[in-house]
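I have placed the structure first, in the form of structure tokens, so that the comments after it can refer back to it.
The structure displayed is predicted, hence computed values, not measured ones. We name chains A, B, ... by the order of the sequence lines, and we start the count at 1 in each one.
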Protein chains: 2
Amino acid sequence: MSVRVTADDVARAAGVSRAMVSRAFTPGASVSAKKREHVLAVAQALGYRPNLIARGLTGRSTGLIAVVAGEISRPYEAWLLEHLVFELSSRGYQPLLLPALRGGNVTEMIDHALAYQVEGAIVAAGSVSREIADRCRASGAPLVLIGRVLESSGVDAVCCDNIKGMQLLVNRLVQQGRRRIAWLGGTEDTFSDQERRRGVEQALSHHGLALLAVHRGDFSLHSGLNEGLALLDAGQALDAIICANDAMALGVIEAAAQRGIQVPDEIAVTGFDDVPSAAWGRCPLTTVRNPVQETALEALRLLEARVQMPTRATQIVRVGVTLVERVSA
Amino acid sequence: MSVRVTADDVARAAGVSRAMVSRAFTPGASVSAKKREHVLAVAQALGYRPNLIARGLTGRSTGLIAVVAGEISRPYEAWLLEHLVFELSSRGYQPLLLPALRGGNVTEMIDHALAYQVEGAIVAAGSVSREIADRCRASGAPLVLIGRVLESSGVDAVCCDNIKGMQLLVNRLVQQGRRRIAWLGGTEDTFSDQERRRGVEQALSHHGLALLAVHRGDFSLHSGLNEGLALLDAGQALDAIICANDAMALGVIEAAAQRGIQVPDEIAVTGFDDVPSAAWGRCPLTTVRNPVQETALEALRLLEARVQMPTRATQIVRVGVTLVERVSA
DNA sequence: TGAAATTTTGCACGCGCTTTCAAAAAGTAC
DNA sequence: GTACTTTTTGAAAGCGCGTGCAAAATTTCA
């Protein structure tokens, strides 16, 4: 059992040399059509498929791409991953999934993936060090960051325009006459959290305003509820809570409901990302659309472009965002 | 650039043979502690890591496991995938992710993964044919199904007790005095849909009841809304809608809200899976808990058990379900 | 028909690594 | 010191495949 068929077996059965078998499976190779057909037929009969691991060893491409994803159970991450994986595999690549969970060391994971001779890596979670970026470059495996950028490191990245997104949101709130605004941030040390907060503060100061309160969650629905309650119970009169992502905004809305506070009449709540569930439920979210598909596509474009020309200039793509006006603000 | 360091380079630099380098990186191998340390140090300095592709070629294990997942953006799938990938990689395996999207041919994908010499495959989406099961067996790569079983095919599977789950739900509804019950199924031809429906019908007939209406969605929130509206607008007096999963149930609740129908007072709605978001929102779902983590763990257990003993008896694990009583029913 | 141009084919080497085997080194006992 | 056992080491043979090169087969042209 478990006796695997090799090119040698096929060659023997078809009465040709092993090289012929190899060529029969190589699209552009020099083989007579007749022989190729014959070899392919014999291979089929024997249940032979070229061993891609062995093929990868010849120095040719392995077709493997590492994808570092975070907590997949979060809507935005899942959504992005779905697009990424779909695009990847429809281009003939095989995604090697690396989970960057709590405390998971991204550097170590990429290092490990590199040992599998991946042709590239897409990092959509955790933070990458300059060191690992260098290792990737040394291995000839381009690195592409999603939703984070590593300044002046020569690493390509695609990221939505967080500053602009927050500006759109703040302008809307201010236009509605809201002035007493709080910020509910996400996990510390994440690029999104930092940039989005900066966006809020810049936009506010542009109106001569500042944040009245600052709380921090971890991008989850749960933390949105908890911090939302805390914010609401603090006794400070607020008329808007800007959240670092949709999940937390949904949590805050739940918190408001629990306290009998009307959204958006008494207080406005905004999200970020426009995940599918943001449009649902008791109070559809006013948020900023973070274009996932475009992001995934751009990431692949960057990856392929760099595979083709390793020395091209570093590119940081900022995908555009749009305001989605629903009821929560 | 992109000059990769091989074991030969390390051997030369360390003044030993290539075999020594290999042994230094092989835990149980016969090397003097001193030499191993030296080799490892030189390797570190040169930035060398064994090429796992080459290592896999020697007939040893590749550490690759194929994971066939469906639409990752759906809560249950994402949740399961997260657990699966986490467990897999914390056991030293590398998950190769294969997306089984609309119309995606699972057979073809597994076949392709087999060419990468995966050590096993976990299928949590799509349906597998007896044919591909045989191919896997021939390749010595165990197949484990999640949420679906392939009768008398010798394929291990882990699946929750759909029949029992629906029985729990039906009993509760009947106990509440509800008799006019409708079924909102999921995508046709899926194992879950079929078994869950069967569970509902069996449980109902046990009470001398039958379904009053049958609609079909595709397991999505959206289809839940649409079919929910259709069901509600049909003019038939219903007092409960049993949905094939949570997402659709949430959609139905939304539909009821749009029509101004009170849940659960006027109509009860039930889900299945108990995804995180089921506990949230305007009307927390009464549903059945489908234990994801246990499922993932069992799947890995089956996989490893079969790797160790390929001839062991086929095992179909039915993980237990529990009723989660919240407000929607 | 024969020579030249062209295509098709097989041999053999190499990709980077593991592992068997026998030789060398080190340790042990007398 | 010798004879023997045990550990450590290196040479070499693969693992399954791609491919450069030269030989063989085929085609083309005069």
Between the side chains of B/Arg91 and B/Glu119, is the shortest nitrogen-to-carboxylate-oxygen separation below 4.0 Å, so that they form an ion pair? no

Taking atom P of D/dC15 as reference, at what distance in whole Å does atom CD of B/Gln117 sit? 14 Å

Without swapping roles, check the side chain of A/Arg306 against the backbone of A/Ala313 for a donor-acceptor pair under 3.5 Å. yes

Between CE of A/Met20 and P of D/dG18 the distance, given in whole Å, is 12 Å

Using only side-chain N and O atoms of B/Tyr116, determine if any of them is under 4.0 Å from OP1 or OP2 of D/dG16. no

Rounded to whole Å, CG of A/Leu57 lies from P of D/dT19 at a distance of 13 Å

OP1 or OP2 of C/dG16 less than 4.0 angstrom from a side-chain nitrogen or oxygen of B/Arg4, does that happen here? yes

Looking at A/Arg301 and A/Glu298, is any side-chain nitrogen of the basic one under 4.0 Å from a carboxylate oxygen of the acidic one? yes

Is the phosphate of D/dT8, meaning OP1 or OP2, less than 4.0 Å from a side-chain N or O of B/Lys35? no

Kindly point out which of D/dG10, D/dG18, C/dT18 is positioned nearest to the side chain of A/Thr26? D/dG18

Go through D/dC17, C/dC17, D/dG10 for me and flag the one nearest to the B/Ala19 side chain. D/dG10

Has the side chain of A/Arg49 got a donor or acceptor atom sitting under 3.5 Å from an opposite partner on the base of D/dG16? no

Taking only N and O in the side chain of B/Ser32, is any of them less than 4.0 Å away from OP1 or OP2 of D/dT9? yes

Whole-Å distance between D/dT9 P and B/Arg23 CZ? 8 Å

Looking for any heavy atom pair under 4.0 Å, which part of the strands does A/Val31 touch: base, sugar-phosphate only, or nothing? sugar-phosphate

So, OP1 or OP2 of D/dG18: does either fall under 4.0 Å of a side-chain N or O from A/Thr58? no

Distance test, side-chain N/O of B/Thr6 to OP1/OP2 of C/dG16, below 4.0 Å: no

C/dT8 C1' sits how many Å from A/His38 NE2, rounded? 16 Å

Without decimals, in angstroms, what is the distance between A/Arg18 CZ and C/dG10 C1'? 11 Å

Please assess B/His38 against B/Ser32 for the test side chain to side chain contact (heavy atoms under 4.5 Å, CB included), listing each intermediate value before the final yes or no. CA-CA 10 Å; B/His38 176 221; B/Ser32 67; over 6 Å; no

From D/dT9, C/dG10, C/dC17, nucleotide with atom closest to B/Ser30 side chain: D/dT9

For the side chain to side chain contact (heavy atoms under 4.5 Å, CB included) test, which of B/Leu88, B/Val292, B/Leu300 pairs with B/His83? B/Val292

How many Å lie between CG on B/Asn51 and P on C/dG14, as a whole number? 18 Å

Quick one: A/Ile53 CD1 to C/dC17 P, roughly how many Å, whole number? 14 Å

Base, sugar-phosphate alone, or nothing: which one does A/Tyr48 contact when heavy atoms must sit under 4.0 Å apart? sugar-phosphate

